[in-house]
Amino acid sequence: MEKSDIAPDTFLIGIAASPGVAIGETFLVNRTRMIPVERPISADEAPSQVEAFLEAVRLSKAQLEEVKASVADRSLAEHLYIIDTHLLILDDEMLIRETISRIEQEQVNAEGALKRVLARFRQVFDSIDDEYLRERRSDIDFVGDRLLRNLMGKGQQSLSEIDQKAIVVAHDLSPADTMQMDREKIIGFITDVGGPTSHTAILSRSLAIPAVVGLETASTYIPGGIPAIIDGSHGMVILNPSPETFREYLEKKQFLEYQEKELLCYRDLPAVTLDDCRISLRGNVEVSEEIPYVIEQGAEGVGLFRTEFLYMNRLVPPDEAEQFEIFREIVTRMAPHPVTIRTLDVGGDKFVPEINLADEANPAMGLRGIRFSLKEVRLLKEQLRAILRASAFGKVRIMFPLISGISEIRACKEYFEEIKAELSSEGVAFDPTTKMGIMIETPSAALLADRLAREVDFFSVGTNDLIQYLLAVDRGNEHVAYLYEPLHPAVLRALRTICSAAEENGIEVGMCGEMAGDPLYALVLLGLGFRELSMNAPGIPRVKRILRQVRRADADDLLEQLMLCDTAQEASSWLEEEMARRFPDLFGAPAI
Ligand code: PEP
Ligand code: MG
């Protein structure tokens, strides 16, 4: 669509993903999700498909050579042999010959032929009875994925091309995409897909960038370079705003900025209720650049450091030394407050092509979180060493993601003890009292909370996944986002079960899912018994302001009322009214 086809004041409604108002010009990023599609071809089409495949091989080699040439960092240079291995695979006669022959003989397009060949290679590697060789399978996955991307992704616009302040419009953005952008340049996000706890939404909240997701086909008709407004609090986008609308939103933006500054007066005050119940409000962190912001908002430590972001947009995973340096820096800067470092949680929607399997039919239920780490034990052990070594510099807590049963946590504990013994025998400093906890984010972990509580020092509830799995609602799917309900009676019951199990066993229970940072739920979570809430830093002042104005008993009463509601809709309308009555300036009608 041309710029002139968009009528003045064209309003679009999507899903509110990150609050605030952004006013600027659109920048269109053409990034449709790349899923290899097999299709039959005619014999005439075969030569062009063979040529496309060979071109993808040439391009992949050139990219890898370029990366090799650009690695100046000596600590990374040691790992360049991995790139050489990948270059050798790209030269592999069998890979090339078999793909070409499948295109020609089986009359299937290049993507399809390559997909079949890669599947066969993987099978061969899986059946090898030698752990080292079996691990080489990940090299095949890596190379295969690069080839597929090059085969399918021609003409993609690079996100690093954005060179002036812009509102990014895209079909979808993976966490890796978002990380690639120059964050100074992005003032807002608009995407076709995604739900309120998709990673684009979480990252934009962390970075305080207004975002609206789930706009279905918006990226197909919003042109680049047109004026637009994002009202991230109400899930609204306005294209070609009229002068009146522009003025209205400019005032709203200024009001929100003023309100945010006002709330900062709570920064150095503790989150304590009127009757002295103390809650720790901590920050969720994806990249270490967020730390100054986390401190500025008054966080008492980091309740969730998502280490998977360290693995994105690079060919070689970070080794122990690199991770240790990053953890040490964060721990030192946050001292005397604790930092909870979560081991790698890749897979699902946090797909990292360099290490994840490319072809899982159902990635949310696939080899993600702790399942991946228990398979790639070398990576897990490296992380455990790096985390424990950082514990010599401040208070560290270690946390394992996506635990679904007792045997997983026992396996983690064994590795944890093994690494402690290893460090002790090497004379390397670490804090032997480092606490070890788990995310409760699967229904099985919630149901088993009483047993799991005997195994660990603390729980942190990951509502983003817990709600997804409990209600069978994909957290990133805009079509079912209306069913993603934190106040669903089943969610409230699960949270109560988890908190009671923690209390009965005398272990700490916190929450680090997005529910923790939404001020609407602050009283509910207080009533349930959460004493640590970890959230994207911008959410801290509002939640603190609420907690400082209530009594523990008010929260208990409110929770009892809420638990009586039959449906999530009933519960949320009741809670919204109740919170607006108690805190009209925070939850009342919008200022404008
Ligand atoms: C969660 O699931 O609530 C969580 C905090 O983990 P992530 O969003 O990284 O999956
Ligand atoms: Mg999770």
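Positions are given from 1 along the sequence. For clarity, every value in this text was computed on a predicted model and none was experimentally measured. For ligands, and for the atoms within them, numbers begin at 1 and follow the listed sequence.
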If only protein N, O or S atoms under 2.8 Å count, total around the Mg ion (ligand 2) =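 Total protein N/O/S atoms under 2.8 Å from the Mg ion (ligand 2): 2.
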
Would [X] count as a contact residue for ligand 1, given that I'm defining contact as a non-hydrogen atom of the residue lying under 4.0 Å from a ligand atom?
| X | value |
| --- | --- |
| Met439 | yes |
| Gln468 | no |
| Glu514 | no |

Going by atom types only, do Glu290 and Asn284 share a side-chain donor-acceptor pair under 3.5 Å?
-> no

Cut-off 3.5 Å, side chains only: do Gln323 and Thr307 have a donor facing an acceptor?
-> no

Numbering as shown, the atoms of ligand 1 that approach Asp345 to under 4.0 Å (heavy-atom distance) |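 Those atoms are 10 (O).
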
For ligand 1, which atoms, with element, lie under 4.0 Å from some heavy atom of Leu304?
-> 5 (C)

How far is atom 6 (O) of ligand 1 from its nearest protein heavy atom, and which residue and atom name does that atom have?
->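 Minimum-distance protein heavy atom for atom 6 (O) of ligand 1 reads Arg342 NH1, 3.0 Å.
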
Let me see the working for Tyr415 and Lys381 under side chain to side chain contact (heavy atoms under 4.5 Å, CB included), right down to the final yes or no.
-> CA-CA 7 Å; Tyr415 290 122; Lys381 287 186 178 176; 3.7 Å; yes

Is Glu508 salt-bridged to Arg531, cutoff N-O under 4.0 Å?
-> no

Heavy-atom distances under 4.0 Å are what count here, so tell me which part of Thr197 touches ligand 1: side chain, backbone, both or neither.
->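 No part of Thr197 comes within reach of ligand 1.
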
Quick look: Met511 vs ligand 1, heavy-atom contacts under 4.0 Å, and the answer is neither

Phe393 ring centre to Arg328 NZ or CZ under 6.0 Å, with the angle to the axis within 45°?
-> yes

